[in-house]
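Keep in mind that this is a model prediction, so the values were computed, not measured.
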Amino acid sequence: ILRAVSNSPLSVQTLVLFQISIDKITIVGDLKSETEKSLADELSINPLVTLHSLGSSRFNADIENICHVEYDKLKNQSISRRNMRVEFNPNNLNDEHKQMIYDLFISKMVSRSFSRLDVAFDTDIDLSSYYAYMDGQHAQMKKTIFYGKDGSPETKYFGTRKSDRYIRIYNKKQELLDN
């Protein structure tokens, strides 16, 4: 006998609520060659930008608490990878900051795509007994569990950072208390 969820008004059903947000975005692409010099010049005089390196056809820069950008035309060309990468956490940015990232960097790139998109599902529910279910080719993904002093699971990893699917379940509240 198969049982289904009842639609009877006498039954009690609960809905697990999550606050969902995008925690980190990495966009990769190729800097338009006609904008390379003007962008490097702009970054070198912009007071918000901290340049870690600037050279012929490359730079590495941060805009504190806003974004990190790397560009290396020759290196990435030699390994057939797109030459520019922009990382940021949209949760920490206002609309002005997002527009600045777009105007300074993303709008000057072609062949843009996400190389990383972290989605956070925040909840007050104890997830220590939860597991990630995968089917198909991901059914046999690597699982790593770290246990606390009391023997209960604290952090669970499904997949690896280099795989196309990577899931981490952990108690963010505990992490904040520990730090």
Stepwise side chain to side chain contact (heavy atoms under 4.5 Å, CB included) test for Ile63 and Phe105
CA-CA 12 Å; Ile63 302 177; Phe105 306 113; 4.1 Å; yes

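- Looking only at side-chain heavy atoms (C-beta outward), Phe158 and Ile169 come within less than 4.5 Å of each other.
- At distances below 3.5 Å, at least one donor-acceptor pair connects side-chain atoms of Asp30 with backbone N or O atoms of Asn83.
- Put simply, CZ on Arg168 and NZ on Lys156 are 14.5 Å apart, with the number rounded to the nearest 0.5 Å.
- Side-chain N or O atoms of Arg116 include none that pairs as donor or acceptor with a backbone N or O of Lys24 at under 3.5 Å.
- A donor-acceptor pair shorter than 3.5 Å can be found between the side chains of Arg82 and Ser113.
- The aromatic rings of Tyr166 and Tyr157 lie parallel to each other, their planes meeting at an angle below 30°, with 60° marking the opposite boundary.
- Lys73 NZ to Leu31 CG: the interatomic distance, rounded to the nearest 0.5 Å, is 8.5 Å.
- Donor-acceptor pairing under 3.5 Å is recorded for the side chains of Asp103 and Gln99.
- Here the shortest heavy-atom pairing between Leu93 and Asn65 reads CD2-O, 3.8 Å.
- To the nearest 0.5 Å, atom NE2 of residue His52 and atom NE2 of residue His68 are 6.5 Å apart.
- Linking Ile, Leu, Val, Met, Phe, Trp and Tyr whenever their side-chain heavy atoms come within less than 4.5 Å puts Ile66 and Leu51 in one cluster.
- At least one donor-acceptor pair closer than 3.5 Å links the side chain of Ser107 to the backbone N or O of Tyr102.
- Within the 3.5 Å criterion, the main-chain N or O of Glu70 finds no donor-acceptor partner in the side chain of Asn60.
- Residues Asn94 and Glu96 come closest through the heavy atom pair OD1-N, 3.0 Å.
- Expressed to the nearest 0.5 Å, how far CD of Glu87 lies from CG of Asp62 amounts to 9.0 Å.
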Set out, in order, the CA-CA distance, both residues' side-chain angles and the distance that settles side chain to side chain contact (heavy atoms under 4.5 Å, CB included) for Lys75 and Arg58, then state yes or no.
CA-CA 9 Å; Lys75 176 185 172 189; Arg58 68 178 176 81; over 6 Å; no

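- Between the CG atom in Leu39 and the CZ atom in Phe59 there is a gap of 4.0 Å [rounded to 0.5 Å].
- To the nearest 0.5 Å, atom CG of residue Asn89 and atom NE2 of residue His97 are 12.5 Å apart.
- Between Cys67 and Ile101, the shortest heavy-atom distance links the atoms CB-CD1, 3.9 Å.
- If you chain together hydrophobic residues whose side chains sit under 4.5 Å apart, Tyr147 and Ile167 fall into the same group.
- Taking the side chain as every heavy atom from C-beta outward, Phe88 and Lys98 never approach each other to under 4.5 Å.
- The main-chain N or O of Ile22 is found under 3.5 Å from a side-chain atom of Asn91 such that the two form a donor-acceptor pair.
- Here the side chains of Phe114 and Ile27 are in contact, with some heavy-atom distance below 4.5 Å.
- At least one side-chain heavy atom of Leu104 sits under 4.5 Å from a side-chain heavy atom of Glu42.
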